[in-house]
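This report concerns only the one structure given below.
Side chains are part of it too, since the values below use all heavy atoms of this structure and drop only hydrogens, waters and symmetry mates. Proteins come first, then strands; the chains are lettered A, B, ... in the order of their sequence lines, and each starts at number 1.
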Amino acid sequence: MKRVGKDFFTGDVLNVAERLPGMDIVIKRGESETRYTITETEAYNGTDDRACHASKGRTPRTEVMFREGGILYIYFVYGMHWMMNIVTGMENNPQAVLIRGAGDISGPGRVTKVMGIDGSFNGESVITSQRIWIEDPGRRVKIVSLPRVGINYAGEPWISMPWRFLIRS
DNA sequence: GTAAGGATTGGC
DNA sequence: CCAATCCTTACT
């Protein structure tokens, strides 16, 4: 079993966000497992990062981000899209990695739609879950980092931080 | 209770 | 360019 464990997800969000592209998300439904290679991520880095939901404090929605890394933070935006994040870091240090692309899927809203991810996955542990986890096949991939998308409201310097990570194709 | 706005997407 | 669509948060 190549399932990625707790030590990886309790590490710093920037390290996790940069290393996830090239690893696989595995979704198990019934007896069938589907693998999607992660192609794009973004890091949301603690209470100082004005683009991170946790910068507004510990609320019912952001509560999962304050827990120990390795669980999912799933939320609903624009009245139609689910966003999937993996919480990272230690307890009380709210961080998460947004999954923006996997396999042939481009865009975070499409990722959750194709994978069947919704609010029922919020707080679920990718370390122990029997329906979603991460595997590391040991692929060598080149990573490009760029500014994050859709967070202009956060202002500088957060708009310009190169915390979006993609596989260089 | 009310209001504003969003870590997006698809269509014009 | 802009509408869709509803949840979360802040404020009265």
A/Y44 on top of B/dA7's base, within under 5.5 Å and under 30°?
-> yes
In whole angstrom, give me the gap between the P atoms of B/dT2 and C/dT5.
-> 23 Å
Considering only NZ, NE, NH1 and NH2 on the basic side and carboxylate oxygens on the acidic side, decide whether A/E63 and A/R61 come within less than 4.0 Å.
-> no
What nucleotide, of C/dT9, B/dA7, C/dT5, holds the atom closest to the side chain of A/T62?
-> C/dT9
Rounded to whole angstrom units, what separation is found between the CD1 atom of A/I74 and the P atom of B/dA7?
-> 15 Å
Distance in angstrom units between A/Y153 OH and B/dA4 C1', rounded = 14 Å
Are A/H53 and C/dT8 close enough that a side-chain N or O sits under 4.0 Å from OP1 or OP2?
-> no
Tell me, please, whether A/F8 has A/R19 positioned over its six-membered ring: NZ or CZ under 6.0 Å from the ring centre and within 45 degrees of its axis?
-> no
Within 45° of the ring axis of A/Y44 and under 6.0 Å from its six-membered ring centre, is that where the NZ or CZ of A/R148 lies?
-> yes
To the nearest angstrom, the CD1-C1' distance between A/I86 and B/dA7 comes to 15 Å
In whole angstroms, how far is the P atom of C/dT9 from the NZ atom of A/K56?
-> 9 Å
By nearest nucleotide on DNA chain B, pick out whichever of A/L98 and A/K113 is the more 5' one.
-> A/L98
Touch class at under 4.0 angstrom, heavy-atom based, for A/R110 against every strand present | sugar-phosphate
A/M80, nearest nucleotide to its side chain (from B/dA7, C/dT9, C/dT5) = C/dT5
Pairing partner of B/dA4, by Watson-Crick or G-U wobble and under 3.5 Å for both distances, is C/dT8
Looking across every strand, which nucleic acid part, if any, lies under 4.0 Å from A/Y78 by heavy atom: base, sugar-phosphate, or nothing?
-> base
Interatomic distance, A/F76 CZ vs B/dG6 P [rounded to whole Å] = 16 Å
Find the distance between CZ (A/R3) and CG (A/D24) and round it off to the nearest 0.5 Å.
-> 13.5 Å
Over how many whole Å does the gap from A/D118 atom CG to C/dC7 atom P extend?
-> 13 Å
What one should report as the nearest heavy-atom pair of A/C52 and A/N45 is CB-N, 4.1 Å
Specify the separation, in whole Å, of atom CD of A/E42 and atom C1' of B/dT8.
-> 12 Å
Quickly work out the A/N152 CG to B/dA7 C1' distance and round it to whole Å.
-> 11 Å
Pick base, sugar-phosphate or nothing for A/M83, based on heavy-atom distances below 4.0 Å to the nucleic acid.
-> sugar-phosphate
